[in-house]
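Here's the structure, in structure tokens; my notes come after.
Convention: sequence-line order gives letters A, B, ...; per-chain numbering from 1.
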Amino acid sequence: MNETINNIVKRIGLPRLIIGLLFLATCLTAVMIDLPFGLIVSDILRRFGMFGVLSLAMVPAIQCGTGPNFALPIGIICGILGTLIAIEFNLTSPLLGYGFISAIIISLPFAVLSGWLYGLLLNKIKGSEMLVATYTGFSIVSFMQIAWVTLPFKHPEMRWPIGIGLRVTVSLASTFGEVLNKLWGFSIGKVYFPTGLILFFLACCAVVWVYSRTKAGIEMSAAGANPKFAAASGINVDKNRIIGTILSTFLGAVGVIVYSLSFGFLQLYLAPLYMAFPAVAAVLIGGASTSKIKISHVIIGTFLFQGLLTVAMPVANELVPEGNLSEMLRVIVQNGIILYALTRIGGES
Amino acid sequence: MAEDYVLQMKNIDKEYYGNKVLKGVSLSVRKGEIHGLIGENGAGKSTLMNILFGMPVIHSTGGFSGEIYLNGDKVDLKSPYEAMKMGIGMVHQEFMLIPDFTITENIKLNRETTQDNLISKVFRSDRLKTLNTGSMAADAKKALNRVGLTIDEWVTVAGLPVGHMQFIEIAREIDKTGLRLLVFDEPTAVLTESEADNLLSAMKRLAESGISILFITHRLSEVIQIADNITVLRDGELVADRKSAETNVAELAELMVGRKVDLKGKEKQSREYQESEVILDIKNLQVDMPGEKVTGVDLKIYKGEIFGIGGLAGQGKVGIANGLMGLYPSKGEVIFKGEKLELNNTKSSLERGLAFVSEDRRGVGLLLDSSIELNIVFTTMQTKGKFLKRFGFFSQLDDAGIREYAAKIIQDLDIRCTHSQQLTRQLSGGNQQKVCVARALALDPETILVSEPTRGIDVGAKKLVLDLLIKLNKELGMTIIMTSSELVELRSICNRIAIIFKGKVAGILKASNSDQEFGLMMAGEYQKIEEDGEGRLNE
Ligand SMILES: Nc1ncnc2c1ncn2[C@@H]1O[C@H](COP(=O)(O)OP(=O)(O)OP(=O)(O)O)[C@@H](O)[C@H]1O
Ligand SMILES: [Mg+2]
């Protein structure tokens with residue numbers, strides 16, 4: 001009996017089990033205190049699609065051996081730049097996905113360049129990637145504070161009407177805000193299913209999965225899993241680490257574009273600072289470790305992590321109506337889960 | 001009676017993911033006894049010892065059932081730390097050293113200040129003492145001397161050759177005070193005969209001083225030579241307990257595999273080759289491999305021969321193949337098949353048709369968390385683009401093709417596994433070795449460099465691998481360059497054997513040369529008697 005329970009726990013993985021149970025418990029509470037459940041489910045689906053690609057960005061980074069990409073803000077900034085440029089030059093025709101596609105294409109060269117440079121850095125500091133990554137992310141975000149003020153963007157929707165620099169949030173309502181959510185979207189009762197958004201995330205997963213099964217993808221995973229083994233098979237380990245970093249950075253860029261699309265706003269300045277943590281936490285909860293990850297970890301982890309956060313917020317609001325307290329509770333819950341996930345860094349066996 | 005026994009293990013059962021690997025095994029060891037434990041690859045020897053040592057791998061896979069008594073008291077060992085406290089030491093089959101620490105630090109790890117104390121006392125009171133580096137170094141040196149290894153104790157372990165790591169592991173265990181029982185899991189697998197002899201005599205001395213020894217090996221003659229009693233496992237079951245005085249190698253081999261084994265080495269079975277057609281011409285090769293430096297080797301290897309490279313650990317024999325494969329910085333000139341071989345370029349070495357089985361199977365040879373089948377086809381996939389399906393500009397793994405090929409080679413080499421998608425981490429040491437050999441063979445190489453191909457492989461499988469090498473040589477005309485610590489093995493299949501001493505070729509002998517000639521040459525003494533000797537020296 002005890003053994004079978006043990007086996008079940010092992011099969012599901014403790015983190016997944018705990019977060020899953022917590023998720024169920026909060027869902028039940030939500031139903032019991034009569035929260036509008038249709039809205040909550042819609043929200044879960046939306047946030048699942050919204051954060052998915054950001055979590056997916058962890059896959060190439062972990063596979064190539066540099067560990068979870070805490071420097072995701074680099075990619076996020078590339079994505080923001082791509083979006084700003086797409087709007088600035090009015091590349092927002094319906095054919096370009098109202099700017100969605102053009103933003104992705106424009107962010108690509110930025111991501112390649114910065115991913116390459118960052119990859120070079122990572123190759124110099126093998127062994128302490130995670131710490132360096134976190135601080136690289138922080139530095140880049142701080143540096144970009146200056147850039148957002150000084151870059152010569154002119155478009156009225158992104159400049160402050162008076163004063164200098166870009167707005168803190170740029171509305172995407174007139175461009176590609178929510179286009180994916182609405183694409184083939186439908187409602188069942190009170191639940192809205194953002195078909196396009198979810199399909200896009202799953203398509204990205206499929207692309208990454210297919211890539212991981214190509215010669216290049218396998219080469220990259222081997223370089224990450226055992227550099228000596230890879231070298232003995234004639235593989236350039238450093239090159240593969242750079243490729244993995246570039247891919248992760250680009251996925252980060254795409255991830256933030258999808259995020260902004262679904263959110264309806266582009267967030268500048270300090271917003272990218274903490275975006276890496278939910279992404280890392282999601283995949284760790286999903287069962288990934290710092291050296292091994294599967295696509296299923298991304299999908300399961302993002303769903304559990306974002307699902308839990310989505311339900312926890314209104315439940316907390318209801319239980320602790322005091323405005324400030326519930327916000328604090330949300331922060332505690334979110335960071336608590338992240339902290340828990342980071343202690344689970346060993347992953348599933 | 002029970003008090004006579006230092007260790008009793010009773011009715012041990014162990015299962016890995018529903019796969020029973022130990023079935024009711026019992027084992028008893030007396031004080032000061034040397035007890036041999038033998039069995040085929042995957043018989044469960046390491047697993048039994050891991051249970052005794054409380055290794056985490058046992059508890060994370062559901063524990064075991066059965067009882068363990070130490071000096072008659074029932075114990076429940078949950079971690080290696082507890083086992084150590086109870087006076088059990090273990091030299092693992094797979095090295096347990098911290099690469100970035102120095103030899104001294106590795107030897108004294110967690111016992112830094114215990115020189116004059118009983119271990120148990122120390123952990124309560126001495127944790128805050130400053131490290132006495134001087135005495136630690138002295139202790140380390142002493143332990144190294146006892147195993148007969150001459151190396152500076154402040155060198156870091158990373159990059160040392162496996163032979164040295166083995167000695168360091170042993171030195172670490174020997175250095176422990178309060179030791180009652182010492183387990184050796186294939187300690188001699190990487191050592192040459194003379195080194196192994198040193199170790200065996202060290203073990204004898206330890207046993208005489210009252211420490212009991214459990215000794216796992218695949219070299220049956222060793223176990224008969226030094227063990228008092230021998231336990232034989234087959235497929236997780238205890239098949240026999242023998243007094244070593246009352247048995248012999250042939251009987252043990254038969255007990256192990258459950259059928260008669262032909263132990264006679266097939267001598268000189270390699271194909272005829274022309275001493276004119278040089279396939280590999282090595283001139284002044286220098287390889288900077290830590291601990292196995294090659295300082296200037298000249299060799300001519302003929303097409304179609306089986307060429308052996310031997311010598312003591314640390315003399316550089318291992319460095320040659322590693323250098324040819326571009327795994328360590330090399331200099332010199334190498335002509336392969338009439339064209340210059342680009343040094344320091346692994347990819348080009350592989351593409352030119354050289355394949356390599358590394359002596360360091362867990363470090364270099366395997367992707368431990370990948371499937372057996374991926375391990376086997378990986379290098380071929382990367383260098384030749386095989387086992388891939390092409391769709392225009394991108395490729396996908398050819399699962400069916402990989403599975404089919406893996407199934408065949410798993411059968412050919414008799415790799416004991418549940419299925420070809422099993423992770424290589426879950427295989428026994430010997431079966432992991434076979435996966436490494438399989439990966440080199442998948443390349444379909446013209447010339448294959450094998451380092452320690454039979455290390456840790458049981459008698460049956462060893463014969464299988466050696467026979468396979470001979471077969472590849474005879475039927476496909478493959479040129480084989482085998483580096484090995486085992487002279488017997490080299491002499492059983494090689495045409496010529498180069499002995500490496502101090503990074504250079506001391507000479508080239510034939511299998512038919514005498515033991516004495518081999519011994520002298522390995523010790524660097526050959527030159528002196530060369531005038532009246534028969535062996536052909538490399539000028
Ligand atoms: N971590 C693991 N997970 C699953 N199976 C395992 C694991 N470790 C060992 N096994 C299996 O247990 C069996 C016994 O392995 P063990 O390592 O004890 O063999 P051994 O007798 O030491 O062999 P060798 O001589 O090759 O070292 C093998 O079938 C092996 O595949
Ligand atoms: Mg073993």
With only heavy atoms counted, which part of [X] is less than 4.5 Å from chain A, the side chain, the backbone, both or neither?
X	answer
B/Leu397	both
B/Leu366	backbone
B/Phe356	neither
B/Leu388	side chain
B/Met325	neither

[atom1] of [X] to [atom2] of [Y]: how many Å apart, nearest 0.5 Å?
X	Y	atom1	atom2	value
A/Ile235	B/Thr379	CD1	OG1	7.5 Å
A/Thr214	B/Met381	OG1	CE	10.0 Å
A/Ser291	B/Asp369	OG	CG	7.0 Å
A/Ile218	B/Ser395	CD1	OG	7.5 Å

Review point. What about the rings of B/Phe378 and A/Phe229, do their centers lie closer together than 6.0 Å?
Key: yes
How about NZ on B/Lys331, more than 12 heavy atoms from neighbouring residues, nucleotides or ligands closer than 6.0 Å, or not? no
Around A/Phe277, counting heavy atoms of other residues, nucleotides and ligands shown, do more than 12 lie under 6.0 Å from its CZ? yes
Pairing residues for A/Lys239 by the salt bridge (Lys or Arg N to Asp or Glu O under 4.0 Å) criterion, not counting sequence neighbours:
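Salt bridge (Lys or Arg N to Asp or Glu O under 4.0 Å) list for A/Lys239, sorted by chain: empty.
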- With sequence neighbours excluded, give me every ring pair (Phe, Tyr, Trp, His ring centres under 6.0 Å) pair touching residues 358-377 of chain B.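 Pairs touching residues 358-377 of chain B that pass the test: none.
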Open item on the list: Could you tell me if the side chain of B/Asp399 sits less than 4.5 Å from the side chain of A/Arg213, heavy atoms only?
Closed with: yes
* Just by distance, do the side chain of A/Asn226 and the backbone of B/Gly363 share a donor-acceptor pair under 3.5 Å? ->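 A pair under 3.5 Å: yes.
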Original post:
Taking every heavy-atom pair that is under 4.5 Å apart, which of B/Arg439, B/Gln382, B/Lys347, B/Glu351 has the most such pairs with chain A?
Top reply: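 If we count pairs closer than 4.5 Å to chain A, B/Gln382 comes out on top.
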Closest non-hydrogen contact found for A/Ala232 with B/Thr346 is O-CG2, 3.6 Å
